[in-house]
Amino acid sequence: MTRVKKAINALKYRRNMLRKVKGYRHGRSTKERQAQEAIFHAGAYAFAHRRDKKGDARRLWNVRISYAAKEAGTSYSKLMGSLKKKGVLLDRKILATLATENPNVFKKVLELAK
C-alpha cells in the first residue's frame, strides 16, 4: 500500500485546533494532544451548561418574584397558587420582568390574584 503523508491537511487541522484553544493555560494552548483533549472537554461542558443556564434563569426569576411578593405582603407560593387558581397565564419570566421594570403593573397582578 502506498504511503499517504498528511502534509497541508495536518498543518491545517493543527492550526485550526490551536486557534480554538488560544488563551488556554499551560500546555493546552500549545501542545496538540492536550489541546485536543481541552477542546473535547470544553464541548461537553458547553453542551451541559446550555441546559443549566435555563435552570439558573428560572431560579433568578423565582427570587425576583418572591422579593416583590414579600414587599406586597404575600409569599411566593401563595402568589403562584392563587394565580394558578384564577387562571392567570403569566409565566415566571414575565412576572419577574413586571416586578423589576413595572412595579405598578405587578401590583395590579397581585390584586387580581387575591
Inset, instruction - Measure the shortest side-chain to side-chain distance between Y45 and R50 over non-hydrogen atoms and say whether it is less than 4.5 angstrom. - result: no
Inset, instruction - Take atom NZ of K53 as the centre, draw a 6.0 Å sphere, and report whether it contains more than 12 heavy atoms from other residues, nucleotides or ligands. - result: no
Inset, instruction - Kindly state each residue pair satisfying salt bridge (Lys or Arg N to Asp or Glu O under 4.0 Å) with at least one member in residues 99-114, sequence neighbours excluded. - result: none
Legend entry - Short side-chain to backbone donor-acceptor contact, D91 and I94, under 3.5 Å: yes
Inset, instruction - Kindly give the heavy-atom pair with the smallest separation between A68 and A99, and that separation in Å. - result: CB-CB, 3.6 Å
Inset, instruction - Indicate yes or no: at least one non-hydrogen side-chain atom of L90 is less than 4.5 angstrom from one of V109. - result: yes
Inset, instruction - Please confirm whether the backbone N or O of L98 pairs with a side-chain atom of N102, one donor and one acceptor, at under 3.5 Å? - result: no
Inset, instruction - State plainly whether one hydrophobic cluster holds both I65 and Y67, where clusters connect Ile, Leu, Val, Met, Phe, Trp and Tyr through side-chain heavy atoms under 4.5 angstrom apart. - result: no
Inset, instruction - Drop me the distance from L79's CG to K70's NZ, to the nearest 0.5 angstrom. - result: 11.0 Å
Legend entry - Heavy-atom closest pair, residues S29 and Y24: CB-O, 3.2 Å
Legend entry - Gap between atom CD of E71 and atom CG of L110 - 0.5 Å precision: 10.5 Å
Inset, instruction - Could you tell me whether L11 atom CG has more than 12 heavy atoms of other residues or ligands within 6.0 Å of it? - result: yes
Inset, instruction - Check whether any side-chain N or O of R51 sits under 3.5 Å from a backbone N or O of F47 as a donor-acceptor pair, and report yes or no. - result: yes
Legend entry - T100 side chain to A96 backbone, donor-acceptor under 3.5 Å: yes
Legend entry - Note, T30 side chain near L18 side chain (heavy atom, < 4.5 Å): no
Inset, instruction - Could you tell me whether the side chain of R92 reaches within less than 4.5 Å of the side chain of M80, counting heavy atoms only? - result: yes
Legend entry - Co-membership, hydrophobic cluster, residues L60 and F106, 4.5 Å side-chain: no
Inset, instruction - Say whether, by atom type as modelled, one donor and one acceptor occur between the side chain of S66 and the main chain of N62 under 3.5 angstrom. - result: no
Inset, instruction - Give a yes or no on this: more than 12 heavy atoms of other residues, nucleotides or ligands lie within 6.0 Å of atom CZ of R15. - result: yes
Legend entry - Note, L95 side chain near R64 side chain (heavy atom, < 4.5 Å): no
Inset, instruction - Taking the side chain as every heavy atom from C-beta outward, state whether I39 and M17 have any atom pair closer than 4.5 Å. - result: yes
Inset, instruction - Can you run down the salt bridge (Lys or Arg N to Asp or Glu O under 4.0 Å) pairs that involve residues 32-47, sequence neighbours left out, and say none if there aren't any? - result: R14-E32
